[in-house]
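In what follows, a structure is listed as structure tokens, so that the remarks can point back to it.
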There are 2 protein chains.
Amino acid sequence: MEFRPDFTSSTTHQQEHIHIQPPEHCKKELCDLDYSQDPPRILSNYLVHAPKPFNAEPHLPLLINSGHITPTDVFFKRNHGPIPDIRLQDHRIYIGVQRQNQSNRNGLTAAPMDIVEWKVLTMDDIMNKWPKATITASLQCAGNRREGLAQVKEVKGVIWKAGTISNAVWAGPRLCDILRNVAGVPEDLHHEMIRNYHVSFEADDHVKEDVCYGSSIPLRKAMDPLGDVILAYEMNGKPLTRDHGFPLRVIVPGYIGARSVKFLQKIVVQPQESNSFFQKLDYKILPPWVDASNVDSAWDLAPSLGEMNVQCVICTPMDKEIICSSKAITIKGYAIAGGGRAIYRVELSIDGGKTWEAVDKLEQTPDKISGMYWSWALWEKKVLKLHTTSELVVRAYDSSGNMQPEFPVWNYRGVMNNAWFRVSNVTQMPQSNM
Amino acid sequence: MEFRPDFTSSTTHQQEHIHIQPPEHCKKELCDLDYSQDPPRILSNYLVHAPKPFNAEPHLPLLINSGHITPTDVFFKRNHGPIPDIRLQDHRIYIGVQRQNQSNRNGLTAAPMDIVEWKVLTMDDIMNKWPKATITASLQCAGNRREGLAQVKEVKGVIWKAGTISNAVWAGPRLCDILRNVAGVPEDLHHEMIRNYHVSFEADDHVKEDVCYGSSIPLRKAMDPLGDVILAYEMNGKPLTRDHGFPLRVIVPGYIGARSVKFLQKIVVQPQESNSFFQKLDYKILPPWVDASNVDSAWDLAPSLGEMNVQCVICTPMDKEIICSSKAITIKGYAIAGGGRAIYRVELSIDGGKTWEAVDKLEQTPDKISGMYWSWALWEKKVLKLHTTSELVVRAYDSSGNMQPEFPVWNYRGVMNNAWFRVSNVTQMPQSNM
């Protein structure tokens with residue numbers, strides 16, 4: 001079934017690979033970042049938080065009414081720099097393995113001496129040399145619902161509401177196949193390399209924080225037959241749009257969106273996690289005693305985030321909404337857990353948390369091959385009549401018995417806020433009163 | 001490396017297996033359960049909640065001071081009936097595969113017609129025919145800390161405090177090897193059978209709730225090369241004691257203790273989870289609106305528990321403790337997460353939750369083969385001086401960013417309570433005042 005590209009017998013690759021060097025990234029000054037070539041966007045679909053870099057989330061009612069699969073032009077957009085303008089036929093993906101040399105392994109030298117041999121793939125290789133896997137997966141920014149933490153105390157980052165999550169169909173080769181064939185990563189999940197190494201991804205872009213966007217995941221996640229990590233060149237049945245990573249991005253299901261690197265250019269299998277700003281100095285749940293005054297020395301106090309925590313949000317109605325209806329109203333939202341875990345229950349309260357009921361409908365579809373729960377669960381509940389100025393609250397349990405906490409614990413980067421979601425001051429007004 | 005028992009060429013097994021039937025269990029009346037042959041116990045190590053069946057947890061200071069590996073005579077004891085008196089040489093393990101027949105699969109008949117062929121193993125087979133795997137894993141009863149929920153409202157079950165968890169070294173063959181060799185379960189994790197089937201375990205015992213103790217886990221967990229499910233005949237380097245499941249028990253790391261069935265007699269690979277009382281009518285997080293008045297019709301509202309949630313407990317000092325010391329005192333406890341996830345941080349407050357600090361020491365060792373975190377993390381924090389009548393609070397984050405909730409959400413069976421752990425009215429009294 002599986003096509004294995006024969007790099008060893010290919011004269012071109014055999015002779016080239018020892019000389020191949022990926023292009024060097026150079027750090028740009030903030031004023032040198034050129035946003036003039038960014039793609040056009042349907043702005044009316046979004047709450048735009050920042051135009052440069054473009055960061056926008058769909059309005060919650062639009063998000064939920066778009067259904068299980070979020071249309072590409074509703075999907076949230078998270079960027080750290082200008083959208084690179086990459087030509088499909090020119091794009092190359094560089095793959096290297098970085099090993100510590102023997103003396104370092106024995107602890108005899110302090111500094112690792114790393115050896116990297118680069119191999120190179122064209123987009124044609126990516127699209128034709130391995131089976132195409134199709135994975136439906138939600139991406140959620142670790143900063144989704146940062147607004148809730150910003151209300152506690154000042155945080156650093158885009159003040160996202162609860163729309164920085166979307167669900168799409170992604171297609172491309174499995175990363176495990178490529179790493180086995182091209183980088184020679186072993187199959188055995190117990191192998192020392194798989195247990196201890198990471199896969200680092202670098203984008204072909206310019207950002208304000210580092211030489212390019214970069215991130216890494218444990219090699220184990222990449223090689224897990226149930227991990228479903230792919231290099232996607234398609235989103236919702238069409239080539240990736242530029243905003244979503246054209247021509248190639250990583251999809252790391254079950255992980256925070258930051259690990260699904262867009263505009264993918266470099267893949268390095270290495271003994272330690274990425275040194276990128278976005279791995280080491282960002283996307284961490286810092287302890288609550290770390291704030292702007294002491295953060296510089298505090299990054300090592302927290303590990304880099306991987307899997308998402310359990311999350312549940314009411315998308316409609318929204319805060320202060322006046323619902324003009326004498327009939328039952330339908331409350332709708334999403335829920336998701338990390339690591340492929342399922343959502344086991346969603347409970348709704350229409351009296352601020354005093355009493356709870358189960359939602360009427362809770363739909364979550366596992367991946368049809370791996371059986372893992374990478375997609376969000378959409379839920380609905382019919383409520384006959386709201387109290388005057390009701391406070392609606394929702395909370396979910398995942399399949400490992402974890403529940404959302406009632407109150408958020410503040411952290412400086414405002415990430416992973418999964419406190420019970422509250423919608424306040426919703427008023428139902430019978431139509432006869434209009 | 002791996003020995004494969006050749007059941008097909010063994011005349012005995014080949015001819016016998018179609019006739020083999022495991023002994024039938026018969027439900028005993030409560031008054032017929034005979035506890036007179038229960039083993040002796042060191043009662044002073046335990047807080048005994050019930051003598052028949054024997055249910056006891058170690059005192060928390062003893063538990064924590066026993067170190068990373070809990071000595072067998074300190075390990076908590078959870079029973080549902082008398083301890084069976086099984087002779088090693090007479091014990092047999094019956095393994096069957098239950099398949100739905102073709103017509104049922106096509107939906108043509110309402111009732112499944114199941115075919116089971118039994119194979120039988122002696123303890124000698126178990127101990128010699130497969131490689132012996134050694135796994136260090138914590139077991140935690142799903143009812144650990146039920147006391148905290150009982151304080152909210154009446155719950156059903158033994159009112160455990162926070163000592164229903166212990167950590168031990170277990171040894172025996174991997175269940176995946178046995179299921180592949182004996183039951184013919186395929187290797188491919190994407191196989192339909194692995195995705196959809198369960199492995200059901202039955203004990204050779206008598207209990208008050210059902211014909212015997214029974215439970216099941218997803219077949220996927222059993223076959224996962226990183227799942228580390230074993231059939232253990234050793235605990236802490238010695239044969240299992242009777243209280244801990246002699247001669248053979250399942251160890252399902254990362255799951256609630258109830259799935260690690262003791263006195264193992266029957267293993268069935270089947271298309272649905274176990275019908276046992278302990279799978280279907282117990283060990284579920286029921287919704288908070290379900291209580292004694294409506295529970296009978298509510299069991300289907302909740303799925304059976306598998307993986308544990310994130311948990312953290314202060315073992316010493318305890319509630320109302322008076323510490324006679326002018327020096328710094330050391331606060332100690334444990335933390336654990338389910339599914340092999342790591343504990344990423346433990347935070348302690350000595351002012352009832354107003355301010356928090358990281359603990360000084362947090363040690364958690366992954367399994368040396370799979371790299372999964374099956375053992376608890378033990379932590380310590382030195383505190384120079386407590387406030388008068390301090391309230392100490394502790395909370396942990398796991399590697400998927402889940403945190404313990406501040407307050408417990410009550411459920412009728414009182415399971416999976418992982419609210420922030422509080423120790424109240426601790427007084428530090430300088431020694432000069434004594």
Side-chain angles (χ1 to χ4, degrees), chain A residues 142 188-190 192 194-196 218 220 224-226 254-256 284-289 301-303 305-311 337-339 341-342 344-345 347 355-358 366-372 395 397-409 415-416 418-420, chain B residues 142 188-190 192 194-196 218 220 224-226 254-256 284-289 301-303 305-311 337-339 341-342 344-345 347 355-358 366-372 395 397-409 415-416 418-420:
Chain A
D188 177 10
L189 286 185
H190 291 155
E192 192 195 331
I194 293 184
R195 225 167 44 227
N196 300 324
R220 169 181 300 192
D224 184 351
L226 305 177
Y255 272 46
I256 60 166
K284 295 185 171 189
I285 305 177
L286 290 168
W289 56 88
L301 297 179
L305 289 170
E307 289 182 0
M308 295 182 284
N309 53 15
V310 57
Q311 178 70 284
R341 292 181 284 282
Y344 266 9
R345 186 158 63 244
E347 294 173 0
T355 60
W356 298 85
E357 286 189 51
D367 181 84
K368 60 187 181 304
I369 305 291
S370 70
M372 304 298 276
R395 66 187 184 197
Y397 294 80
D398 74 9
S399 52
S400 64
N402 281 305
M403 194 196 57
Q404 298 171 260
E406 184 169 350
F407 302 109
V409 173
V415 288
M416 303 291 265
N418 71 336
W420 297 2
Chain B
D188 177 10
L189 287 184
H190 290 154
E192 193 195 332
I194 294 185
R195 226 169 41 229
N196 300 323
R220 168 182 299 192
D224 183 352
L226 305 177
Y255 271 46
I256 60 165
K284 295 185 170 189
I285 304 176
L286 291 168
W289 55 89
L301 296 179
L305 291 170
E307 289 181 0
M308 295 181 285
N309 53 15
V310 57
Q311 177 70 285
R341 292 181 284 282
Y344 266 9
R345 187 159 62 242
E347 294 173 0
T355 61
W356 297 84
E357 286 190 51
D367 181 84
K368 60 187 181 303
I369 306 292
S370 70
M372 304 297 276
R395 64 187 185 196
Y397 293 80
D398 73 10
S399 52
S400 65
N402 281 305
M403 195 196 53
Q404 299 171 258
E406 184 170 350
F407 302 108
V409 173
V415 289
M416 304 292 266
N418 71 335
W420 298 1

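Letters A, B, ... are given to chains in the order of the sequence lines, protein chains preceding strands, and every chain is numbered from 1. FYI, side chains are in, hydrogens and waters are out, and symmetry mates aren't considered; it's all heavy atoms of this structure. All values reported here derive from a predicted model rather than from experimental measurement.
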Winner by heavy-atom pair count (cut-off under 4.5 Å) against chain B, out of A/Pro405, A/Pro288, A/Gly338, A/Gly306: A/Pro288
Which of A/Asp224, A/Leu301, A/Leu226 touches chain B most, by non-hydrogen pairs under 4.5 Å: A/Leu226
Gap between atom OH of A/Tyr344 and atom CG of B/Leu305 - 0.5 Å precision: 8.0 Å
Spacing of A/His190 atom NE2 and B/Ser370 atom OG [to the nearest 0.5 Å]: 6.0 Å
In terms of heavy-atom proximity below 4.5 Å to chain A, should [X] be classed as side chain, backbone, both, or neither?
X: B/Met416; answer: side chain
X: B/Asp188; answer: neither
X: B/Trp289; answer: side chain
X: B/Ala337; answer: neither
X: B/Ile194; answer: neither
X: B/Tyr255; answer: neither
X: B/Lys284; answer: neither

Contact summary for [X] and [Y], nearest pair of heavy atoms:
X: B/Leu189; Y: A/Pro225; value: CD1-CG, 3.7 Å
X: A/Arg220; Y: B/Gly371; value: NH2-CA, 3.6 Å
X: B/Glu347; Y: A/Pro287; value: OE2-CA, 3.9 Å

For chain A, the option from B/Val415, B/Thr355, B/Ile369 that forms the most heavy-atom pairs under 4.5 Å: B/Ile369
Contact leader toward chain A among B/Asp398, B/Leu286, B/Asn196, where contacts are heavy-atom pairs under 4.5 Å: B/Leu286
A/Pro303 backbone acceptor or donor facing B/Arg345 side chain under 3.5 Å: no
Proximal component of A/Ile256, with respect to chain B [non-hydrogen, under 4.5 Å]: neither
Flag side-chain contact, heavy atom, 4.5 Å: A/Ser400 against B/Arg341: yes
side-chain contact (heavy atoms from CB on, under 4.5 Å) partner of B/Met403, the single match among A/Asn402, A/Val409, A/Asn418: A/Val409
